[in-house]
J.: 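Right, I'll just put the structure down here and ask away after.
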Amino acid sequence: MIEKLNAQPLDETKQLIQRKYPELLSEEKEEVKETKEIDFIRKIINEDMKTGKYNGRVHTRFPPEPNGYLHIGHAVSVNLNYGIAKEYNGKFNLRFDDTNPITEEEEYVKSIIEDVKWLGADWEDRLFFASDYFDRLYEYAVQLIKKGKAYVDDLSVEEIRKLRGTVTELGKESPYRNRSIEENLALFERMKNGEFVDGEKVLRAKIDMSHPNLLMRDPVIYRILHRTHHNTGDKWCIYPLYDWAHGLEDSIEGITHSICTLEFEVHRELYDWFLEQLEDEEGNPIFHPQQIEFARLNLSYTVMSKRKLLHLVSEGIVDGWDDPRMPTIAAFRRRGVTPEAIKKFTDGIGVSKRERIVDFSILEHYIREDLEERCPRVMSVIEPLKVIITNYPDDKEEKIEVNNHTRNKDMGKRVITFSKVIYIDNSDFKEKPPEDFYRLAPGRKVKLKYSYTIKCEKVVKDEKTGKIKELHCSYDPDSKTCSTKDDPEVKVSIHWISEKNAIPAEIRLYDRLFLKENPLDVEEGKDFTDYINPDSLKIVKGFVESFLAKAEVGSRYQFERLGYFIIDKDTTKDNLVFNRIITLKDTWSKKLENRK
RNA sequence: AGUCCCCUAGUCUAGCGGCAAGGAUUCCGGACUUUGAAUCCGGUGGCAGGAGUUCAAAUCUCCUGGGGACUACCA
């Protein structure tokens, strides 16, 4: 009780200080920001720097497979890897892990390059392909054979699987396991030369068929695939597998910290084993990067697997990889989200080893925070309701100068028009207003933002349908510069647009793609697509300020009280198209919902 | 079933033997406001459970429980 009494005046003092001397409090805040949180990966790196493990060098990489579009989960990895490289004055590579010509395509290479660049990561001149190293990978394989640590196996896929055993049963050795080094060398060369058909032979590492880690039970490292590769064409008909290729790629590039997701944790043992076996021309062990695993991102109300995203695209559930409802980078870009917002988000959620489903509202928060700063304000009407100001002269027009941003005066001013016929948003009028409804209703007053106070005198309805056609309102000529607090009858000011200043626009209202928090948590007999939000896209015709006809594709605005919008690339000379990036927070309608 | 990994508010995260367990978001109040926005103030809410070590445990050890990875010639 005493605490409460004491707390009261203190809060008030703080609020007073905030109002009068905001700079005092903001300084305080910056100091708090100084204490930077450090994740477990950076801790490992700090330790390595201390011990001089890599001579103070930090070199990371982002190694996508070009078999799909990048999504926000990849952004976590890009930002992490590039961020670390920058922080430690290190380097960052972009490397395509293109060891499987069956699924990989040039189209994906292009989109990935564009996305990584857009995210702000800079690989300078270090854009690499695993396929650049096919020769060296082959040489290393020969070395492994020469050391008696790899052999050519004639077994079929099924036979290999059978002999591998299970997590509880030991594996059995292949009858071809003890071929001579010479025979293996010859056979491997013949594999490379295309003397065998797909699947006829493989090269396997000779490790331990009774190893508790299944991956260590003589893993296949080369398979025969008579396929044209997007990069090397028909030069090769044998291709290395991930475990063989990845560590070697890292080693070749001098990567110090090979950061990947949790599912590769079990692979680390193999990763290390390969690197320990091999040596360079002088007989020294080859460079040995360290693999570190972190938890991938899962976001609520969406799906992240490439397979599922591809399904949404190929089934036409969404309109392509860059449909603004998708979690792909291309979609975020088109939707209007900035790379800076994504960076804030990925920094904000941090990195850890616990599997996580990050709440969508956290992403939304960073998107709003970013847009709030950068978007000029504009008054647009999404669901127009015609309003006639009955006591305003027919042909009179007033120009009103308004700020483009409430706080940031650098964004300049613009001029809007007031006249007899205006449009307001349908949601700002209720014939039978619910409790707490502050906006317009029959007989009620509302402030038109930057302009007059109006009072609803009459509701005109369509005789046939009974739908509201227009509103007849009167205005108060003395109210132009008033604020809402000058008139006890006026609670809020609403946005509006004059007929004289309005041009039509197509407005695409996007919402979350799924209704279910975790769409992968499917009930019996259902599919993840059963949880698609049927209202994830609504297209409406509204009015925007006429100067926007000249605005460029990709420019973002805050439609006052509605949300943030961007001009879409579908815009043509006579069809202006806006995407809603995100709504403004709406505590009032949330309150109404919660009351239900 | 074997090996390995993980477990701090609804969600994400900090903590590294001594904290009133901190921050972000969500939610709920309030101040301010020509955006029911932003901004500001306040509140609800957490160490999976149990034993042990210790003067002292979210932190170290063990057990139990829960979640996950691995049984592809995918990455």
Side-chain angles (χ1 to χ4, degrees), chain A residues 7-8 10-12 14-15 18-19 22 25 32 35 37-39 43 63-65 67 97 99-100 102-104 153 156-157 160-161 164-169 171 198-199 201-204 211-215 217 219-225 239 241-243 245-246 260 262-269 293 295 300 306 348-366 368-369 372-373 377 379 402 406-407 436 438-439 447-451 481-486 490-495 558-563 584-591 594:
Chain A
Q8 204 70 12
L10 190 70
D11 296 344
E12 275 169 23
K14 267 193 192 167
Q15 290 193 10
Q18 157 64 22
R19 233 170 297 147
L25 286 175
V32 174
T35 51
E37 288 175 0
I38 233 162
D39 56 71
K43 268 184 209 117
E65 185 191 9
N67 69 344
D97 220 345
T99 57
N100 183 4
I102 296 174
T103 54
E104 295 155 5
D153 199 343
S156 68
V157 191
I160 288 177
R161 185 176 301 149
R164 181 156 36 225
T166 67
V167 285
T168 48
E169 288 165 52
D198 288 6
K201 286 183 166 40
V202 290
L203 183 69
R204 289 230 253 170
H211 198 108
N213 183 344
L214 283 293
L215 287 163
R217 319 244 260 228
V220 173
I221 62 178
Y222 266 98
R223 78 285 220 189
I224 299 170
L225 241 38
Y239 291 94
L241 273 100
Y242 171 85
D243 287 306
H246 205 90
C260 61
L262 245 32
E263 70 269 28
F264 292 101
E265 209 155 25
V266 212
H267 295 244
R268 191 173 60 231
E269 196 170 10
E293 311 86 16
S300 61
K306 283 183 189 171
I349 58 170
V351 262
S352 68
K353 292 191 76 157
R354 24 193 319 222
E355 288 118 24
R356 53 186 182 175
I357 301 180
V358 177
D359 204 285
F360 204 80
S361 63
I362 295 180
L363 207 210
E364 289 179 327
H365 165 259
Y366 287 108
R368 287 195 181 100
E369 185 181 86
E372 148 70 25
E373 288 296 323
R377 270 105 242 242
M379 288 206 287
V402 303
T406 337
R407 286 177 295 112
D436 286 0
Y438 298 160
R439 286 104 104 149
K447 172 83 183 169
L448 293 176
K449 212 163 180 231
Y450 310 119
S451 179
T481 55
C482 291
S483 82
T484 44
K485 60 182 176 227
D486 295 329
V490 178
K491 283 265 183 26
V492 291
S493 52
I494 64 170
H495 60 281
Q558 186 200 89
F559 288 2
E560 292 217 40
R561 304 206 310 134
L562 295 174
L584 250 38
K585 275 222 288 192
D586 188 352
T587 45
W588 179 69
S589 64
K590 217 164 247 168
K591 245 183 250 174
N594 290 347

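All values derive from a computational prediction rather than experimental measurement. Scope of the values below: all heavy atoms of this structure, side chains included, with no hydrogens, waters or symmetry mates. Per chain, numbering begins at 1; letters A, B, ... match sequence-line order.
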J.: Could you list the residues that satisfy ring-ring contact (aromatic ring centres under 6.0 Å, His included) with A/Y438, not counting sequence neighbours?
T.: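 Partners of A/Y438 by the ring-ring contact (aromatic ring centres under 6.0 Å, His included) criterion come out as none, since no residue qualifies.
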J.: Compare every heavy atom of A/V402 with every heavy atom of A/Y450, then report the nearest pair and how far apart it is.
T.: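 For A/Y450 and A/V402, the tightest heavy-atom pair comes out as CG-CG1, 3.4 Å.
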J.: Just to be sure I follow the notation: if a pair is Watson-Crick (purine N1 to pyrimidine N3 plus N6-O4 or O6-N4) or a G-U wobble (N1-O2 and O6-N3), each under 3.5 Å, what dot-bracket string does RNA chain B give, with | for pairs to another strand?
T.: .((((((..((((....[...)))).(((((.......)))))....(((((..]....))))))))))).....
J.: How would you list, by chain and number, every residue that makes a salt bridge (Lys or Arg N to Asp or Glu O under 4.0 Å) with A/E364, sequence neighbours excluded?
T.: A/R512
J.: Sequence neighbours left out, what passes side chain to side chain donor-acceptor pair (under 3.5 Å) with A/K447? Give chain and number order.
T.: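 With sequence neighbours excluded, A/K447 shows a side chain to side chain donor-acceptor pair (under 3.5 Å) to no residue whatsoever.
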J.: Does B/G15 have its OP1 or OP2 closer than 4.0 Å to a side-chain nitrogen or oxygen of A/K43?
T.: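 Yes, because at least one side-chain N or O of A/K43 sits under 4.0 Å from OP1 or OP2 of B/G15.
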J.: Between A/V358 and A/L363, is the side chain to side chain contact (heavy atoms under 4.5 Å, CB included) condition met? List the steps.
T.: CA-CA 8 Å; A/V358 177; A/L363 207 210; over 6 Å; no
J.: Among residues at least two apart in sequence or on other chains, which ones pass salt bridge (Lys or Arg N to Asp or Glu O under 4.0 Å) with A/R561?
T.: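 A/D428.
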J.: So A/K449, base contact, sugar-phosphate only, or nothing? Heavy-atom distance under 4.0 Å.
T.: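 Base: the residue A/K449, judged by heavy atoms under 4.0 Å, touches a nucleobase.
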J.: Would you say the side-chain atoms of A/R377 pair up with the backbone N or O of A/E560, donor to acceptor, closer than 3.5 Å?
T.: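 Such a contact is absent between A/R377 side chain and A/E560 backbone.
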J.: Determine the Euclidean distance between corresponding P atoms of B/C27 and B/C32; express it in Å to zero decimal places.
T.: 23 Å
J.: Between the protein and nucleotides 47-49 of chain B, are there any N/O to N/O pairs under 3.5 Å, and if so, what are the atom names and distances?
T.:
none

J.: Give A/R407 one of three labels, base, sugar-phosphate or nothing, depending on what nucleic acid heavy atoms sit under 4.0 Å from its own.
T.: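 A/R407: backbone/sugar contact only, no base atoms under 4.0 Å.
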J.: How do A/Y438 and A/K353 order along RNA chain B: which one's closest nucleotide is nearer the 5' end?
T.: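 Nearer the 5' end of the strand: A/K353.
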J.: Say you pick atom C1' in B/G49 and the same atom in B/C7; how far apart are they, in whole Å?
T.: 12 Å
J.: Looking at residues at least two apart in the chain, or sitting in another chain, which of them share a salt bridge (Lys or Arg N to Asp or Glu O under 4.0 Å) with A/E269?
T.: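 Partners of A/E269 by the salt bridge (Lys or Arg N to Asp or Glu O under 4.0 Å) criterion come out as none, since no residue qualifies.
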J.: Which nucleotides of nucleotides 68-75 of chain B have their base under 4.0 Å from a protein heavy atom (B), which only their sugar-phosphate (S), and which neither (-), written as one string 5' to 3'?
T.: SSBBSBSB
J.: Distance check: side-chain N/O of A/K585 vs OP1/OP2 of B/G36, anything under 4.0 Å?
T.: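 Checking B/G36 against A/K585, no side-chain N or O comes under 4.0 Å of OP1 or OP2.
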J.: Heavy atoms only: give me the nearest A/Y366-A/G348 pair and the separation to one decimal.
T.: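 Distance-wise, the nearest heavy atoms are OH-CA, 3.5 Å.
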J.: What does A/S352 touch in the nucleic acid at a heavy-atom separation under 4.0 angstrom: a base, only the sugar-phosphate, or nothing?
T.: sugar-phosphate
J.: What about A/T406: does its side chain form a donor-acceptor pair under 3.5 Å with the base of B/U34?
T.: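 No pair found.
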J.: Describe the nucleic acid contact of A/S361 in one word from base, sugar-phosphate, nothing, applying a heavy-atom distance below 4.0 Å.
T.: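 A/S361: backbone/sugar contact only, no base atoms under 4.0 Å.
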J.: What contact category does A/I357 fall into here, base, sugar-phosphate, or nothing, at under 4.0 angstrom with non-hydrogen atoms?
T.: sugar-phosphate
J.: If we take the P atom in both B/C47 and B/U59, what is their distance in whole Å?
T.: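 So the two P atoms sit 13 Å from each other.
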J.: Do any N or O atoms of the protein come closer than 3.5 Å to N or O atoms of nucleotides 21-23 of chain B, and which pairs are they?
T.:
| from | atom 1 | to | atom 2 | distance (Å) |
| --- | --- | --- | --- | --- |
| B/G22 | N2 | A/E37 | OE2 | 3.3 |

J.: Residues in salt bridge (Lys or Arg N to Asp or Glu O under 4.0 Å) with A/R407, at least two apart?
T.: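 Result, salt bridge (Lys or Arg N to Asp or Glu O under 4.0 Å) vs A/R407: A/E372, A/E373.
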J.: Applying a 4.0 Å non-hydrogen cut-off, can you work out what A/K491 is touching in the nucleic acid: base, sugar-phosphate, or nothing?
T.: nothing
J.: Identify the two heavy atoms, one from A/T99 and one from A/E104, that lie closest to each other, and give their separation to 0.1 Å.
T.: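 Closest heavy-atom pair between A/T99 and A/E104: N-OE1, 3.4 Å.
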J.: Looking at residues at least two apart in the chain, or sitting in another chain, which of them share a side chain to side chain contact (heavy atoms under 4.5 Å, CB included) with A/H365?
T.: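 Side chain to side chain contact (heavy atoms under 4.5 Å, CB included) list for A/H365, sorted by chain: A/E369.
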J.: Suppose you measure atom P in B/C6 against the same atom in B/C63; what distance do you get, rounded to whole Å?
T.: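 My reading of the P atoms in B/C6 and B/C63 gives 15 Å.
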J.: Taking atom C1' in both B/C19 and B/G67, what distance in whole Å separates the two?
T.: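 Per the computed distance, 29 Å lies between those C1' atoms.
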J.: Just jot down the side chain to side chain donor-acceptor pair (under 3.5 Å) partners of A/E293, sequence neighbours excluded, or say none.
T.: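 Once residues adjacent in sequence are excluded, the partners of A/E293 under the side chain to side chain donor-acceptor pair (under 3.5 Å) criterion are A/R268, A/Q291.
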J.: In whole angstrom, give me the gap between the P atoms of B/A56 and B/G22.
T.: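 Straight-line distance between the two P atoms is 24 Å.
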J.: Is the distance from OP1 or OP2 of B/U13 to the nearest side-chain N or O of A/R356 less than 4.0 Å?
T.: yes
J.: Give A/E169 one of three labels, base, sugar-phosphate or nothing, depending on what nucleic acid heavy atoms sit under 4.0 Å from its own.
T.: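 Counting heavy atoms under 4.0 Å across all strands, no contact is made by A/E169.
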J.: So which atom in A/R356 and which in A/G350 form the shortest heavy-atom distance, rounded to 0.1 Å?
T.: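 Shortest heavy-atom separation between A/R356 and A/G350 comes out as NH1-O, 3.0 Å.
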J.: Do the side-chain N or O atoms of A/H365 get closer than 4.0 angstrom to the phosphate oxygens (OP1, OP2) of B/U25?
T.: yes
